[in-house]
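Written out below as structure tokens is the structure these notes cover.
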Amino acid sequence: MLFLYSLLRLVFFIANFNYFSQIGFVNTLIAFMGGIRFDISAIAFTNGLFILMHLIPFNGFTSKTYQSVLKILFFVVNIPVIVLNCSDIVYYKFTLKRGTMDAFDMAEMSDDFKNTLPQFIKDYWYVAIIILLMIFLMIKLYNRTSVLKNYSFKRTSNFATIATIIIVGTFTVLGARGGLQLRPLSIFNAAEYGSPQDAPLVLNTTFTLIKTLGKTKLSSEKYFDDKTTISIFNPIHQFKNDESFRKMNVVIIILESFSKEYIGALNDYPGYTPFLDSLINESLVFTNGFANGKKSIEGIPAVLAGMPVLMNEPFITSQYSGDKIIGVADILKQEGYATSFFHGGTNGTMGFDGFTKSVGFENYYGRKEYNNDKDYDGKWGIFDEPFFQYFANQLNQTKTPFLSCIFSLSSHHPYTLPEQYKNTFKKGTLPVHQVIRYADYSLKRFFETASKMPWFDSTLFVITADHTFDSEYPQYQTPVGKYRIPIIFYQHNSGLKGRRATIIQQVDIIPSILDYLHYQKPFHSFGLSGFDSAGSHCAFNSLEGIYQLIYDNYSLQFDGNKSLFMNNFLVDPLMRNNILNKQPAIKDSMERKLKAIIQEYNQAMLNNKFGYREQGYKGIGN
């Protein structure tokens with residue numbers, strides 16, 4: 001099994017080489033060697049019963065029946081292990097992390113998953129071949145082992161038997177926990193064998209699944225006393241503005257998988273979004289925009305409810321999903337806004353209908369409400385172009401002021417296009433590029449329709465992405481680069497134009513909207529307004545147990561106890577150099593800020609006060 005795990009790591013490395021191409025031979029070797037420690041742990045956990053059954057001192061051990069039971073047990077345990085690790089060969093590029101237990105959540109194992117699975121298998125047919133080859137090899141290797149024909153427990157002294165049980169049992173336990181260190185081996189330990197971005201190469205899927213099994217409860221972190229925490233990071237905001245609240249319409253457009261990498265206007269090369277490029281020239285765009293997570297189920301709560309991703313499980317599927325979260329719809333509904341959410345997917349997709357209702361959206365429009373499956377893509381839902389037109393027409397029938405959000409759909413695997421556009425949009429270097437062009441065209445058609453409607457000029461449009469996706473450029477494959485998304489504010493015939501290098505993240509969108517509307521009441525948010533030039537702007541996220549803070553030109557990775565990696569990504573865009581010990585003042589300042597954010601986040605979740613809103617509120621401890 002150790003041999004097979006290493007072989008699977010090699011296949012994983014080759015299949016995702018573009019994500020690790022900058023690692024170098026020596027660091028690759030270190031990753032492979034370090035990975036053995038995680039492989040031993042995974043094997044010890046999954047094969048514990050198999051090992052135990054070899055230690056039972058009875059003479060029937062050598063019988064054909066008992067050996068057949070052992071053989072069946074071995075295959076029953078390890079064939080699924082092979083399948084799961086092989087699945088990650090292609091699943092990795094969708095999430096940029098090894099598979100964890102949240103992938104099996106019912107919200108994701110929905111009809112969407114069942115509908116797209118056949119296409120997924122068809123597109124990645126070679127994975128099935130790899131699985132079969134690995135299983136065949138495992139069976140061949142197992143059959144090469146044999147029991148000594150003259151072996152008998154009667155011929156073994158009691159001392160030898162006991163000693164064997166103690167020695168093998170001890171090494172099995174040590175293997176499972178990863179050694180004699182104080183704490184058992186964990187996912188974040190993978191960063192010890194390279195930079196955090198190389199951790200997936202060190203890990204194996206079995207290990208990450210085991211380590212996230214049942215790990216849903218946040219710890220009650222207490223880095224500082226409450227007063228100190230609030231002095232470092234205060235999630236309560238109140239804008240001071242002499243102007244009265246302006247009841248403009250707000251439209252939030254969340255584009256599926258729209259990485260900043262795909263947008264020509266935000267790079268020094270032609271992209272795949274000609275319309276968005278033209279709109280950017282008429283908008284205020286933040287060139288350092290970041291997602292808070294790597295999945296749609298994480299991005300939607302971040303944008304609409306200011307919910308950062310600082311735990312291993314998406315909020316929607318976590319044990320805290322019942323907490324009261326006050327989002328932008330809750331706030332604006334109190335100001336007389338009509339609120340609605342649009343997504344062309346089958347109703348119930350990833351729990352969006354329930355979640356958006358819970359954060360204040362009164363009306364949900366999905367595939368069911370659209371009620372015309374002639375425009376169904378056969379996998380996910382309604383194609384973007386007709387659904388965006390439906391969105392515009394529904395808004396035209398909505399009483400103003402309104403807050404409405406649409407989450408697009410077509411720029412997603414399996415990259416399906418409407419029949420009439422099969423030969424319209426050019427393919428790119430990645431399969432997703434063609435559907436990005438189609439999604440951009442759908443956005444263009446929406447603006448053409450909406451611009452003729454009476455509410456258009458008095459509407460603030462916010463355009464962003466749920467997360468990033470497949471990448472071809474190394475600078476977008478780093479711990480910082482793989483979170484880069486567009487964040488754009490547009491109002492027709494307004495002064496809302498230009499480019500700002502301010503660091504801004506998805507959870508900053510709500511404060512930015514409220515600031516632009518001159519909202520003056522206190523509210524709870526882990527973000528800052530992008531229009532606040534004096535704010536201490538940053539971005540934060542977590543992946544595979546590693547927290548990341550992006551501040552100024554620096555990125556800091558932190559495992560909850562100590563800092564692991566720091567980099568100046570402006571000077572070193574590929575993030576190969578760890579300057580953790582070269583800039584101690586900056587490191588200490590960033591670590592202090594990140595600790596305060598983690599503490600406030602965990603306490604808010606544990607105490608169900610994430611949406612707490614009160615004039616005298618000064619922190620979770622109060």
Side-chain angles (χ1 to χ4, degrees), residues 249-258 262-263 272-280 282-283 296 299-300 303-304 338-347 349 352-353 356 361 363-398 402-412 415-422 424-425 432 434-457 459-466 485-486 488-492:
N249 306 309
V250 178
V251 171
I252 302 172
I253 300 173
I254 305 174
L255 299 171
E256 170 69 55
S257 302
F258 257 63
Y262 306 150
I263 302 170
Y272 305 90
T273 58
F275 171 72
L276 199 53
D277 290 350
S278 66
L279 191 68
I280 282 173
E282 300 297 320
S283 308
S296 302
I300 301 302
V303 174
L304 301 182
T339 58
S340 56
F341 180 86
F342 291 74
H343 180 54
T346 303
N347 295 53
T349 294
F352 290 153
D353 51 356
T356 53
F361 285 92
N363 297 300
Y364 183 94
Y365 298 90
R367 177 185 167 196
K368 177 183 176 182
E369 288 72 21
Y370 185 80
N371 196 29
N372 184 0
D373 272 0
K374 289 182 179 179
D375 297 322
Y376 177 49
D377 66 4
K379 304 295 180 182
W380 282 105
I382 306 303
F383 283 113
D384 277 355
E385 184 195 8
F387 197 75
F388 265 98
Q389 292 301 302
Y390 171 72
F391 176 49
N393 289 320
Q394 286 298 126
L395 291 183
N396 209 37
Q397 300 173 38
T398 303
F402 56 73
L403 161 72
S404 191
C405 174
I406 183 171
F407 176 33
S408 74
L409 178 146
S410 295
S411 45
H412 194 292
Y415 320 121
T416 308
L417 287 173
E419 194 62 38
Q420 68 268 31
Y421 293 126
K422 293 288 186 183
T424 302
F425 300 101
V432 71
Q434 188 177 32
V435 288
I436 290 291
R437 291 184 192 275
Y438 168 68
D440 179 71
Y441 172 74
S442 302
L443 189 64
K444 175 186 176 183
R445 292 273 293 111
F446 165 75
F447 272 92
E448 287 173 348
T449 301
S451 64
K452 300 171 186 175
M453 295 178 171
W455 48 267
F456 184 73
D457 283 355
T459 300
L460 170 67
F461 294 90
V462 183
I463 304 172
T464 188
D466 58 337
I485 59 169
I488 302 161
F489 293 84
Y490 170 77
Q491 184 189 356
H492 187 236

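For clarity, every value in this text was computed on a predicted model and none was experimentally measured.
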**Prompt:** Roughly how far, to the nearest 0.5 Å, is the CG atom of Asn249 from the CG atom of Leu460?
**Reply:** 9.5 Å
**Message:** Looking at Lys452, I'd like to know if its NZ atom is crowded, meaning that more than 12 non-hydrogen atoms belonging to other residues, nucleotides or ligands lie closer than 6.0 Å.
**Reply:** no
**Asked** side chain to side chain donor-acceptor pair (under 3.5 Å) with Ser257: which residues, sequence neighbours excluded?
**Response** none
**Request:** Could you tell me the separation between the CD1 atom of Ile488 and the OG1 atom of Thr464, rounded to the nearest 0.5 Å?
**Result:** 8.0 Å
**Asked** When rounded to the nearest 0.5 angstrom, what distance separates CG in Asp353 from OG1 in Thr346?
**Response** 11.0 Å
**Request:** Under the side-chain contact (heavy atoms from CB on, under 4.5 Å) rule, collect the residues that match up with Pro418, sequence neighbours excluded.
**Result:** Phe383, Gln420, Tyr421, Tyr438
**Request:** Would you check, one step at a time, whether the test ring-ring contact (aromatic ring centres under 6.0 Å, His included) holds for Phe461 with Phe456?
**Result:** CA-CA 9 Å; Phe461 294 90; Phe456 184 73; 5.4 Å; yes
**Message:** I'd like to check the ring-ring contact (aromatic ring centres under 6.0 Å, His included) partners of Phe388; sequence neighbours left out, ordered by chain and number.
**Reply:** Phe446
**Message:** Test your reading of the model: is there a side-chain donor-acceptor pair from Gln491 to the backbone of Asp457, 3.5 Å cut-off?
**Reply:** yes
**Message:** Taking CD in Glu419 as the centre, count heavy atoms belonging to other residues, nucleotides or ligands within less than 6.0 Å. Is the count above 12?
**Reply:** no
**Request:** Answer yes or no: is there a side-chain heavy-atom contact under 4.5 Å between Leu304 and Cys405?
**Result:** yes
**Asked** Got Gln434 and Tyr415 here, is their nearest side-chain heavy-atom distance under 4.5 Å?
**Response** no
**Request:** Rounded to the nearest 0.5 Å, what's the gap from CD1 on Ile436 to OG1 on Thr273? Could you check?
**Result:** 8.5 Å
**Request:** Take Glu369 and Tyr390 through the side-chain contact (heavy atoms from CB on, under 4.5 Å) test and state the conclusion after the steps.
**Result:** CA-CA 10 Å; Glu369 288 72 21; Tyr390 171 72; 3.7 Å; yes
**Prompt:** Given side chains that start at C-beta, do those of Val303 and Phe407 come closer than 4.5 Å, heavy atoms only?
**Reply:** no
**Request:** Say whether, by atom type as modelled, one donor and one acceptor occur between the side chain of Asn347 and the main chain of Lys368 under 3.5 angstrom.
**Result:** yes
**Prompt:** Any idea which heavy atoms bring His492 and Tyr490 closest together, and the distance?
**Reply:** CD2-OH, 3.2 Å
**Prompt:** If you look at every heavy atom in Leu443 and Leu276, which pair is closest and at what distance?
**Reply:** CD2-CD1, 3.8 Å
**Prompt:** When you measure from the side chain of Gln394 to the backbone N and O of Phe391, does any donor-acceptor pair fall under 3.5 Å?
**Reply:** no
**Prompt:** In chain order, what residues pass the ring-ring contact (aromatic ring centres under 6.0 Å, His included) check against Tyr262, with sequence neighbours excluded?
**Reply:** His433
**Message:** Tell me the closest heavy-atom pair linking Ser411 and Val432, and the distance in Å.
**Reply:** O-CG2, 4.4 Å
**Nearest atoms (heavy-atom pairs only) where Thr398 meets Ala338** = CG2-CB, 3.9 Å
**Request:** Measure the CZ-CD1 distance between Phe275 and Ile280 for me, rounded to the nearest 0.5 Å.
**Result:** 10.0 Å
**Prompt:** So which of Phe425, Tyr272, Phe447 actually passes ring-ring contact (aromatic ring centres under 6.0 Å, His included) with Tyr441?
**Reply:** Phe425
**Prompt:** Is there side-chain contact between Leu409 and His343, with at least one heavy-atom pair below 4.5 Å?
**Reply:** yes
**Prompt:** Quick one: OH on Tyr370 to CZ on Phe387, what's the gap to the nearest 0.5 Å?
**Reply:** 8.5 Å
**Request:** Answer whether the closest heavy-atom distance between the side chains of Arg367 and Asp373 falls below 4.5 Å.
**Result:** yes
**Message:** What I'd like to find out is whether the side chain of Asp440 reaches to under 4.5 Å of the side chain of Pro274, using heavy atoms alone.
**Reply:** yes
**Message:** Strictly distance-based, threshold 3.5 Å: is any side-chain N or O of Gln389 a donor or acceptor partner for the main-chain N or O of Arg445?
**Reply:** yes
**Request:** Check whether any side-chain heavy atom of Val435 sits under 4.5 Å from a side-chain heavy atom of Leu417, and report yes or no.
**Result:** yes
**Message:** Pairing donors with acceptors under 3.5 angstrom, does anything connect the side chains of Asn363 and Ser340?
**Reply:** no
**Item:** Check: Phe402 and Leu395 side chains under 4.5 Å, non-hydrogen atoms
**Value:** yes
**Prompt:** With Tyr364, which residues qualify under ring-ring contact (aromatic ring centres under 6.0 Å, His included), at least two apart?
**Reply:** Phe341
**Message:** Going by the rule side chain to side chain donor-acceptor pair (under 3.5 Å), which residues pair with Asn393 if we only count those two or more places apart in sequence or in a different chain?
**Reply:** none
**Fill in**
Scanning both residues in full, the closest heavy-atom pair of Ala392 with Trp455 reads O-CZ2, 4.0 Å
